[in-house]
Amino acid sequence: MLQLQVVREEKDNIIAALQKRNLDAAPLLEKVVLLDEKRRTLQTRLDNTLAESNKLSKEIGMLFKSGKAQEANVLKEKTGGLKEESKSLGDELSAVAGELQDLLYQIPNIPNALVPAGTSEEDNEEVFREGDIPTLDTNALPHWELAKKYDIIDFELGVKITGAGFPVYKGKGAKLQRALIAYFLDKNTAAGYTEMQVPLLVNEASGYGTGQLPDKEGQMYHIGADDLYLIPTAEVPVTNIFRDVILNENEFPIQYTGYTPCFRREAGSYGAHVRGLNRLHQFDKVEIVRVEHPANSYKALDGMVEHVKSILRELQLPYRILRLCGGDLGFTAALTYDFEVFSTAQDRWLEISSVSNFEAFQANRLKLRYRDENGKTQLAHTLNGSSLALPRVLAGILENCQTPKGIKIPDVLVPYCGFNIIS
RNA sequence: GGAGAAAUGGCAGAGUGGUCGAAUGCGGCAGUCUUGAAAACUGUUGAGGGUCACACCUCCGGGGGUUCGAAUCCCUCUUUCUCCGCCA
């Protein structure tokens, strides 16, 4: 959520910047500024009314105390009108404030200057590429065929138990998955991230805090009986650790990592692009989250990108990094780098990580602040990234590491797996 | 799930209808003293709105109510603790 004060002061700049998202925010922002003025006018009127009745009440109290009940009762009669007035002003105020809040929730984050213009993923800007794309046999298989051949993932079983998009990992497939999680967490903790185990169900306030609500309500599974949401990413519970928190400057940087299953409804997409592990309703992911001083958040973003790079380098997977264009940039992000691994057998790139700086957008919703050198509270910056999302990494390994003898496990994972080939 | 108790500032803990944004202690910050530190002493120390700055307003778990006036009384929700039951 954008800060009201910033909207007030830099309306035109914001409108211009949001054009990169192909959004004409002018009507929205004009309305916000108007409502804000209205809000403040009402607030002032209400405050004055309350001040007056506070004063009267005190006088009445004094009169009663000094035994002048008669005079007190006279004053009492005068309070009726004030009471009515403050009631109606209060109602009006909360209506306006509510409307203002709703509008603010509709405004996406301001894209960073680096964000390229564009309308779709076609316009994302490739900024880095590394790793050799292997030459595979002509009879190389996509990962879902390999999963069947080596009996390591059973998609039909998942359909039976739950439905499409909930695979069952078996034997060495399950072990490889567990190895990846352990490896990722070890890499992250070695880089200074503290491991956290967090709830997989979150309340409504947490959903609002990180921006999943109200914009993307339909993407989350909702538990109606208890009004809780299954997390779509560890970002939600981990970042919400800092909801309503005021940090001291010397607590920066905060670096957390956590492994969680993630649940996404992702309705409406079918076909080859969602086959196998390409898109699931439940998948595993290891996430990194940082809370930073605003002056350092972009340095931190670069650091996170380098960190994810180092993991992919160790896994020896061919990957590229994209800077998301305005049309593809998430609602809450100011700048996002997507990592994609090349799936040789499918001959396409698969997104395996998304690293973003949200600047103060989430912090404003979270009320995540720090005390600056003058003792004033300021909004902190939040960032997060996947390191990494499991299913597509798994798909990349299966497809790129397939040999006539079986799937050759990347060296760095062998100590975690206890085997070096799936055959 | 049943019975009871409780929720106050960073923490501990007073405050049961009026001058309470809230005693006191600890912690934090600043100063005095000291070569420096500790101790001691003095001062200061919640958040948000609003204002050029003041004034002023709101907030004592959340929401609602009673009252001229609520941290204090009533209703409701949530959470925590104790006892009982059930259970990984």
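In what follows, chains carry the letters A, B, and so on, assigned in the order in which the sequence lines appear, proteins first and then strands, with residues in each chain numbered from 1.
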Please check if the distance between the ring centroids of A:F252 and A:Y370 is under 6.0 Å.
yes
Does A:R45 reach a base, just sugar-phosphate, or nothing at all? Heavy atoms under 4.0 Å.
nothing
Does B:A71 have a Watson-Crick or wobble partner in any strand here, with both distances under 3.5 angstrom, and which is it?
none
Sequence neighbours excluded, the answer for ring-ring contact (aromatic ring centres under 6.0 Å, His included) partners of A:Y193 is A:H307
From CZ of A:R371 across to P of B:G27 the rounded distance in Å is 19 Å
Determine the interatomic distance between C1' on B:A14 and the same-named atom on B:C20; round to the nearest Å.
12 Å
Go ahead and name the base partner of B:C41; Watson-Crick or wobble counts if both distances stay under 3.5 Å, otherwise write none.
B:G31
How far does the C1' atom of B:A12 sit from the matching atom of B:A23, given to the nearest Å?
14 Å
Between B:G48 atom P and A:Q101 atom CD, what is the distance in whole Å?
16 Å
What pairs with A:R369 under salt bridge (charged side-chain N to carboxylate O under 4.0 Å, His left out), at least two apart in sequence or on another chain?
none
When you measure from the centre of the six-membered ring of A:Y259, is the NZ or CZ of A:K285 closer than 6.0 Å and no more than 45° off the axis?
no
Distance in angstrom units between A:N364 CG and B:G48 C1', rounded:
13 Å
Expressed in angstrom and rounded to an integer, what is the separation of A:K87 atom NZ from B:G64 atom P?
10 Å
Main-chain N/O of A:G330 paired to A:R21 side chain as donor or acceptor, under 3.5 Å
yes
Between A:D36 and A:G375, which residue's closest nucleotide on RNA chain B lies nearer the 5′ terminus?
A:G375
Atom pairs under 3.5 Å, N or O on each side, protein against nucleotides 55-57 of chain B: can you list them with distances?
{"unit_1": "B:C57", "atom_1": "OP1", "unit_2": "A:N54", "atom_2": "ND2", "d": "3.1"}
{"unit_1": "B:C57", "atom_1": "O2'", "unit_2": "A:D47", "atom_2": "OD1", "d": "2.8"}

For the side chain of A:K405 and the backbone of A:I422, is there at least one donor-acceptor N/O pair under 3.5 Å apart?
no
Could you identify the nucleotide paired to B:C83, looking across every strand shown and requiring Watson-Crick or G-U wobble geometry with both distances under 3.5 Å?
B:G2
How are the rings of A:Y221 and A:F263 set relative to one another: parallel (under 30°), tilted (30 to 60°) or perpendicular (over 60°)?
perpendicular
Does anything in residues 7-61 of chain A pair up under ring-ring contact (aromatic ring centres under 6.0 Å, His included), and if so which pairs, sequence neighbours excluded?
none
With a non-hydrogen cut-off below 4.0 angstrom, is A:S53 in contact with a base, only sugar-phosphate, or nothing?
nothing
Checking A:T239 side chain against A:V236 main chain: does a donor-acceptor pair fall under 3.5 Å?
no
Does B:C60 have a Watson-Crick or wobble partner in any strand here, with both distances under 3.5 angstrom, and which is it?
none
Please state how far atom NZ in A:K367 lies from atom C1' in B:G49, giving the value in whole angstrom units.
12 Å
Phosphate OP1/OP2 of B:G48: any A:T377 side-chain N/O under 4.0 Å:
yes
For the pair made of CG in A:L82 and C1' in B:U67, what is the distance, rounded to whole Å?
15 Å
Tell which nucleotide pairs with B:A7, taking only Watson-Crick or G-U wobble pairs whose two distances are both under 3.5 angstrom.
B:U78
Decide whether A:D372 and A:Q378 meet the rule of one side-chain donor and one side-chain acceptor closer than 3.5 Å.
yes
side-chain contact (heavy atoms from CB on, under 4.5 Å) partners of A:E52, counting only residues at least two apart:
A:L82
Roughly how many Å apart are B:A3 and B:C57, using the P atom of each and rounding to a whole number?
44 Å
Please report the distance separating the P of B:U8 from the corresponding atom of B:C60, rounded so that it comes out in whole Å.
12 Å
Is a donor from one side chain sitting under 3.5 angstrom from an acceptor on the other, for A:E292 and A:H381?
no
Applying the 3.5 Å cut-off to both distances, the Watson-Crick or G-U partner of B:A12 turns out to be B:U24
Could you tell me how far B:U80 sits from B:U32 if I compare only their P atoms? Round to whole Å.
48 Å
Does B:A53 have a Watson-Crick or wobble partner in any strand here, with both distances under 3.5 angstrom, and which is it?
none
Distance between P atoms of B:A37 and B:G31 (Å, rounded)
10 Å
pair_partner(B:G36), Watson-Crick or wobble, both distances < 3.5 Å, evaluates to none
From CZ of A:R369 across to C1' of B:G10 the rounded distance in Å is 14 Å
B:G21 and B:C59: how far apart are their P atoms, nearest whole angstrom?
10 Å
d(CD, A:E59; P, B:U67) in whole Å
21 Å
Taking only the C1' atom of each, what is the distance from B:U72 to B:A6 in whole angstrom?
15 Å
Review item, nucleotides 18-20 of chain B N/O atoms under 3.5 Å of protein N/O:
{"unit_1": "B:G18", "atom_1": "N2", "unit_2": "A:S57", "atom_2": "O", "d": "2.7"}
{"unit_1": "B:U19", "atom_1": "O4", "unit_2": "A:K65", "atom_2": "NZ", "d": "2.5"}

